[in-house]
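First comes the structure, then the notes that go with it.
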Amino acid sequence: MNVEAKYRAASLYVGDLHTDVTEDLLFKKFSAVGPVLSIRICRDLVSRRSLGYAYVNFLQPADAQKALDTMNFDLIEGKSIRLMWSQRDAHARKSGIGNVFIKNLDKSIHNKVLYELFSAFGKILSAKVMSDEQGSKGYAFVHFQDQSAADRAIEEMNGQLLGDCRVFVGRFKSRKDREAELRTQASEFTNVYIKNFGDDMDDERLKDIFSKYGQTQSVRVMTDPSGKSKGFGFVSFDSHEAAKRAVEDMNGKNINGQPVFVGRAQKKVERQAELKERFEELRKARIRASRGAKLYIKNLDDTIDDEMLRKEFSAFGAVSRVKVMQEEGQSKGFGLVCFSSPEEAARAMAEMNGRTLGTKALHIALAHRP
DNA sequence: AATGAGCGT
């Protein structure tokens, strides 16, 4: 074995390091196992800030093995370090072979316990419970060296009760694969959401209306505590084809004399994510629209308030917002006026800049940050 | 509910 290969065999990767951890500290820690040839904490080229991982190069491979066996998940600066053999082949690390995803993991289960639980199935390259300042996030990854070990772990562990939770254990899927899978599931929906049918509705009648599209599994009109319809409900069909027909045929049709919305039922989180995204879009659009349409006004007379400012500026266009900045009910002497277009704002600035309002001459500029 | 991050001299 040449020199390089020999040292390679004694190199450990240390991940999940606190950024304050120094070479010195690591040297002291790992020297307790055996002679350390070198330590390298990887740092940002410019800021020199730790990237949160390091290499520990032992002189003897046996010492590296010993460190791996005895120091994995030890806490440094309160963070559990993750030890692995240095594996420089990116494909070997990222192929996903042998990688297992675990969710619904009892929060009391930490890295070491996870490692011990799963090492029964084969050699583990890396194990990690995802966590934040609050502790475990309830999901984890165990990367086995061999796919066969991963398969055994899935077979044996999926659905087991660990602590108070029945864990899910399955093959790891990349984000891309996972998203594709979710899209496929969504496209094969069987559950249908119906809204805007008013309060004159019950399960039986809703079932009557939708049964013509296929066999239903469950039909439910959502009600308030007094039992009154909330105007929306769900119909779950046996087949996707039936659900699809129901959506295609019923969406926009009248029930109780009003057009109803009929579409794929979304999960709550999915719906929330969509609403959030839509809200974000709206916010961005508003910012885009207000670019160049917002005036910053200084040297305001103390007596000028929102209403007066609005009145003065409305002559130049549609004022969407006015605000005289205040502190303890007292004008701070400056404010903002937003128009619906940059043209209106420019006109207002040309006409009003320097004009006296009350006792003082206005100083107007375009507000830069919308 | 949740499908990482991470590889140098």
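Chain letters run A, B, ... following the sequence lines, proteins first and then strands; every chain starts at 1.
The salt bridge (charged side-chain N to carboxylate O under 4.0 Å, His left out) analysis of residues 68-86 of chain A, with sequence neighbours excluded, yields the pairs A:Asp16-A:Arg82, A:Lys29-A:Asp74, A:Asp74-A:Lys112. Legend: salt bridge (charged side-chain N to carboxylate O under 4.0 Å, His left out) pairs involving residues 240-249 of chain A, not counting sequence neighbours, sorted by first then second residue: A:Lys244-A:Glu248, A:Asp249-A:Lys253. For residues 310-358 of chain A, the set of pairs meeting the ring pair (Phe, Tyr, Trp, His ring centres under 6.0 Å) definition, not counting sequence neighbours, comprises A:Tyr296-A:Phe334.
A salt bridge links A:Glu181 with A:Lys173: at least one charged nitrogen is closer than 4.0 Å to a carboxylate oxygen. For A:Asp151 and A:Arg171, the salt-bridge test passes: some basic side-chain N is under 4.0 Å from an acidic carboxylate O.
Using cut-offs of 30° and 60° for the angle between ring planes, the A:Phe144 and A:Phe118 rings count as tilted.
For the segment residues 146-157 of chain A, no residue has any heavy atom less than 4.0 angstrom from an atom of DNA chain B.
Between the P atom of B:dA1 and the CG atom of A:Asp132 lies a distance of 18 Å, rounded to the nearest Å.
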What donor-acceptor contacts under 3.5 angstrom involve side-chain atoms of residues 130-137 of chain A, with partners at least two apart or in another chain?
unit_1: A:Asp132; atom_1: OD1; unit_2: A:Gln134; atom_2: N; d: 2.8
unit_1: A:Asp132; atom_1: OD1; unit_2: A:Gly135; atom_2: N; d: 3.4
unit_1: A:Ser136; atom_1: OG; unit_2: A:Gly138; atom_2: N; d: 2.9

Per-nucleotide protein contact along nucleotides 2-7 of chain B, 5' to 3', at a 4.0 Å heavy-atom cut-off (B base, S sugar-phosphate only, - neither), is BBBBBB
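Residue contacts shown for A:Asn57 include a base, since a base heavy atom lies under 4.0 Å away.
The aromatic ring centres of A:Phe141 and A:Phe101 sit less than 6.0 Å apart.
Against the 90° criterion about 0, the sugar-base torsion of B:dG4 places it in the syn range.
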